[in-house]
Every structure is written in structure tokens, then in C-alpha cells.
Amino acid sequence: MKIKTPQPIRGTQDIFGDEALRFNHVLAVFDHVRKLYGFKRAEIPVFESTAVFARSLGETTDVVSKEMYSFEDRSGEPLTLRPEFTAGLCRAYLTSGWQQYAPCKIATHGPVFRYERPQKGRYRQFHQIDAEVLGAAEPEADVELLCLADQLLQELGIKEHVTLHLNTLGDSESREAWRAALVEYFQAHFDQLSDESRERLTRNPLRILDSKDPNDKIIAEKAPIIDDYLTEEAASFFKSVTAGLDAAGVAWTRDPRLVRGLDYYRHTAFEFITDQLGAQGTVLAGGRYDGLSEALGGNLTPAIGWAAGIERLAMLIDLPVEAAMEVAVIPLGDEAKLSALSILSALRHANISAEMTWRGNMKRRMQKANSWGVRYAIILGEEELANKVVTIRSMVTGEQEAIPLDQIVDRLVVELGNK
Ligand code: ATP
Ligand code: MG
């Protein structure tokens with residue numbers, strides 16, 4: 001009986017070829033830019049105690065109430081696959097002594113997991129790059145982090161399609177006052193709200209502003225904005241952030257109804273949004289989360305961070321060009337194979353990219369070499385080997401030359417010039 005191949009899990013991806021090139025390019029550019037800004041690399045576990053996310057993200061958020069992959073391990077411990085990085089990094093900051101590095105500028109990336117309805121740009125296992133500044137109350141940290149995001153998008157070549165939407169959620173006092181005003185306003189429009197938003201009204205009214213329901217959106221457009229409730233202190237903090245962005249040349253647009261999906265945000269909140277991915281248009285998002293550390297039982301740790309979906313960024317960038325293979329090694333006959341392997345190894349150790357063809361007649365092998373785009377082919381025939389020479393062929397001019405076997409690598413190093 002034929003065994004049935006297990007199918008991939010819904011909402012997961014197998015990434016290969018051009019798609020993988022795009023994916024890796026995003027990571028390479030992120031790594032380049034984070035170095036320019038002095039962000040240190042960190043790695044944290046893919047799973048944490050469920051409490052890390054449930055407590056910090058807020059029980060009523062979409063992520064915690066319906067998107068988490070939670071399970072018990074064999075000893076009955078409640079665990080969750082990380083749905084985002086911030087909470088885990090904050091936990092690590094508290095339990096691994098990273099406080100000593102405050103302000104701690106961290107960059108990380110990897111898979112995250114959310115039980116969502118899969119569609120283009122929305123997966124159940126997706127990947128994020130993430131940057132955080134932990135232990136910094138100053139607006140300079142906000143500016144630094146936004147500049148990092150802005151330069152990343154610029155270096156990825158997608159800045160002209162993406163706009164930075166910026167808001168402040170104020171301090172606790174402003175936020176509470178705004179919240180009360182929102183409840184009053186939405187209460188007055190209760191009949192027109194979606195079922196989901198009706199429920200949000202008692203549990204998490206700010207989230208109605210973030211609703212994707214078209215009716216809710218219309219009502220939300222006229223909802224009170226934070227500006228009328230900002231304390232002087234919160235207003236001045238926001239002013240410092242926007243002045244810093246202007247000084248650094250980062251373009252932004254004010255979006256007074258922008259809120260973040262998670263409960264712990266204060267002050268600065270932002271999203272970089274593209275018009276090119278439909279409903280999945282938010283490519284990078286974040287904000288200040290001064291209250292998170294305390295929600296995890298730590299000391300007050302002002303902090304700010306953002307995360308971006310690698311897949312969404314990868315969809316927007318041009319296909320990166322990968323340098324072509326430089327040399328093809330073509331052994332003809334069994335005898336030649338070992339010499340070919342020896343040359344191949346020497347070339348690669350001399351930092352020259354090289355591949356061996358091991359199938360088909362001469363014509364097929366030359367076709368293969370051509371398809372790799374190599375500049376040189378090294379042909380090892382039986383007769384040549386008997387004389388301890390190989391043929392080097394320029395794939396550009398078609399010229400061929402016999403060269404002593406023990407000189408071929410040095411010769412290619414010279415010909416390829418740059419090594
Ligand atoms: P959305 O409103 O699209 O659901 P979100 O507010 O849930 O986004 P965040 O929690 O802010 O998203 O995550 C940061 C970034 O991660 C998003 O801006 C997006 O680029 C990406 N992202 C979020 N959810 C997914 C997903 N299910 N699949 C792919 N990328 C995602
Ligand atoms: Mg979401």
C-alpha cells in the first residue's frame with residue numbers, strides 16, 4: 001500500500017529559490033542597518049510560559065483571546081509558541097540580567113505563530129524582524145527606533161510606497177480620559193457597531209478604532225481623538241518625538257486614530273503602511289510600552305520597539321541579484337572525477353565559487369555550465385589527465401588553453417582578479 005505524504009500545516013510556508021532570496025535579502029539589510037545604529041543581536045526561545053504573553057499582551061487582545069498556539073507540555077506546564085517578540089525580550093531583560101546594559105538596544109528575528117485565517121501576506125507561522133530599546137524613557141529612543149525603521153525601508157528600496165503613520169496614546173492619565181470619551185461615543189452608536197466591537201466596548205474600547213469592519217470604520221472616523229485629552233507632559237513628549245523625526249529627515253503623517261493591537265502601549269504608536277498589499281498593508285508597526293515590564297512583575301522599565309513581517313517586506317522588494325557561479329569543473333570519465341574534486345575543493349578554499357557537472361555528455365554539461373553563468377569551465381579529459389594538464393575555457397570568448405594541473409587554481413585566482 002502506498003503511504004500518503006503528510007501535508008503541510010495550513011498557514012505555514014516552504015520557502016525556496018527566488019522567494020528565499022528575497023527573504024534573506026530583508027535579513028541581510030536589517031543586519032546591516034542595525035549595526036549602523038548600534039543595536040545588539042539577541043536570540044530568545046520560540047516558546048515561553050503562557051503567562052509571559054497572556055499577562056503582558058492583555059487578555060482581551062485578539063492575539064491572546066484567539067490567536068495563540070498554547071499547549072501543555074508532558075509535565076503539564078502551560079506553554080505558548082511566541083506570537084511576537086516584545087514580551088519574550090522583556091522577560092529576558094528581567095530574568096537574564098540585561099538591565100545592566102540599559103538602555104539596551106536589541107535586534108532579533110525569527111518565526112512567530114498566530115492562529116489566523118491564512119491569506120496572502122497572512123500566515124500562521126510567519127517571520128518577523130524586531131528592534132527594541134529597553135530601559136529608555138527619553139523621546140530620543142523613539143526617534144532612534146523610527147529612524148532605524150525608516151532607513152531599513154529606504155535601503156530595501158520600498159520607501160516611496162510606504163508611509164509612516166504616527167500617533168501618541170498619551171500617558172496613563174491621557175489614555176484613561178480618552179478611553180472614557182471613546183466609551184461614551186461608541187455607546188451612543190452601539191446599534192451600528194459590529195458584534196465584535198460591541199464586545200470590545202466593555203473590554204477594550206480603543207480596539208474599536210482598529211476594527212477592520214467597514215461599518216465600524218465609518219463610526220470610528222468621527223470618534224474623539226486623543227489630542228483633546230493629552231496631558232501637558234504627554235503632549236510635550238510627542239512634540240519632542242516629532243521634532244526629532246523632522247531633524248533627522250524622517251517623513252511622517254499624523255494619524256490621530258491609530259492604536260496598537262496590544263494593551264501595553266503608551267505614548268508613541270506607529271505603523272508603516274503600504275498601499276500595495278491591500279488589507280495586509282501594515283509592514284512594520286510598534287510603539288512605546290512603558291507598562292509591560294511591570295505587567296511581568298519587573299521594575300518600571302520604559303521601552304519602545306517595533307516588528308515587521310519579513311514576508312510582507314519580501315513581497316515588496318525587487319528580486320535581489322545573486323552573484324553568478326564563477327567556475328564549472330567538468331570531469332569526463334571516472335578517472336577524472338577525483339582530480340575534479342581536488343580542484344573543486346582548492347577553488348572553493350581560494351574563495352572562488354565553483355560547481356562540478358556530474359551528468360550527461362559533453363554538450364549537456366556545457367549547457368549546464370552556461371546555465372550557471374560561469375566565466376570559466378575547466379575540462380578534465382582522460383587524455384589531458386595523462387599529460388597532467390587540464391583545459392580552461394573562457395565562456396565569454398570561447399578561447400581554450402591547456403594548463404598544467406598544478407597551476408590551474410593560481411591561474412584562476414589571477415584571471416578572476418578580485419581575490
Ligand atoms: P494585522 O493588523 O495585519 O493583523 P498586527 O497588528 O496583528 O497586523 P503586529 O502584531 O503589529 O501585527 O505585527 C507586526 C508585523 O508583523 C505586521 O505589521 C505585519 O507586517 C506582520 N504580521 C502580523 N501578522 C502577520 C501574519 N499573520 N502573517 C504575516 N505577517 C504578519
Ligand atoms: Mg493581527
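Keep in mind the model is a prediction, meaning the values are calculated, not measured. Counting convention: from 1, in listed order, for ligands and their atoms alike.
Comparing heavy-atom distances from atom 29 (C) of ligand 1 across Gly309, Pro118, Gly121, Gly281 singles out Gly121 as nearest. With distances taken over non-hydrogen atoms, the option nearest atom 22 (N) of ligand 1 out of Phe126, Phe85, Tyr115, Phe113 is Phe126.
The side chain of Gln128, and not its backbone, has at least one atom closer than 4.0 Å to an atom of ligand 1 (non-hydrogen atoms only; side chain from C-beta on). When non-hydrogen atoms are compared, ligand 1 lies under 4.0 Å from the backbone of Arg122 as well as from its side chain. With a heavy-atom cut-off of 4.0 Å, Tyr123 touches ligand 1 through backbone and side chain alike.
Taking a 4.0 Å cut-off on heavy atoms, Glu311 fails to register as neighbouring ligand 1. Distances shorter than 4.0 angstrom do not occur between any heavy atom of Glu84 and any atom of ligand 1.
By the 6.0 Å and 45° rule, Arg124 stacks over the aromatic ring of Tyr115. Judged by the 6.0 Å and 45° rule, Arg198 forms a cation-pi pair with Phe190.
Which parts of ligand 1 touch Val283 is read off a 4.0 Å heavy-atom cut-off, strictly below it: atoms 18 (O), 20 (O). Heavy-atom contacts of Lys212 reach the following atoms of ligand 1: 1 (P), 2 (O), 4 (O) (cutoff under 4.0 Å). Which parts of ligand 1 touch Ala285 is read off a 4.0 Å heavy-atom cut-off, strictly below it: atoms 11 (O). Against a heavy-atom cut-off of under 4.0 Å, Arg114 is close to the following atoms of ligand 1: 5 (P), 7 (O), 9 (P), 10 (O), 12 (O), 13 (O), 23 (C), 24 (N). Atoms of ligand 1 found under 4.0 Å from any heavy atom of Ala307, numbered from 1 in the order shown, are 14 (C), 15 (C).
Of the residues Lys66, Lys212, Arg207, Arg203, the one that meets the salt bridge (charged side-chain N to carboxylate O under 4.0 Å, His left out) test with Glu196 is Lys66.
The minimum heavy-atom distance between Thr301 and Gly135, with the atom names listed, is CG2-N, 3.6 Å.
Below 3.5 Å of separation, one finds no N or O of Glu271 facing any N or O of ligand 1. For ligand 1, the polar-atom distance check finds an N/O of Arg260 within less than 3.5 Å of one of the ligand's N/O atoms.
A ring-ring contact (aromatic ring centres under 6.0 Å, His included) check over residues 272-305, counting only residues at least two apart or in different chains, returns the pairs Tyr264-Tyr289.
Between Phe23 and His127, the ring-plane angle classifies as perpendicular under the 30° and 60° cut-offs.
Between Ser394 and Glu399, the side chains place no donor N or O within less than 3.5 Å of an acceptor N or O (distance only, hydrogens not considered). A side-chain donor-acceptor contact under 3.5 Å links Glu415 and Tyr376.
Not counting sequence neighbours, the partners of Thr253 by the side-chain contact (heavy atoms from CB on, under 4.5 Å) test are Thr163, His165.
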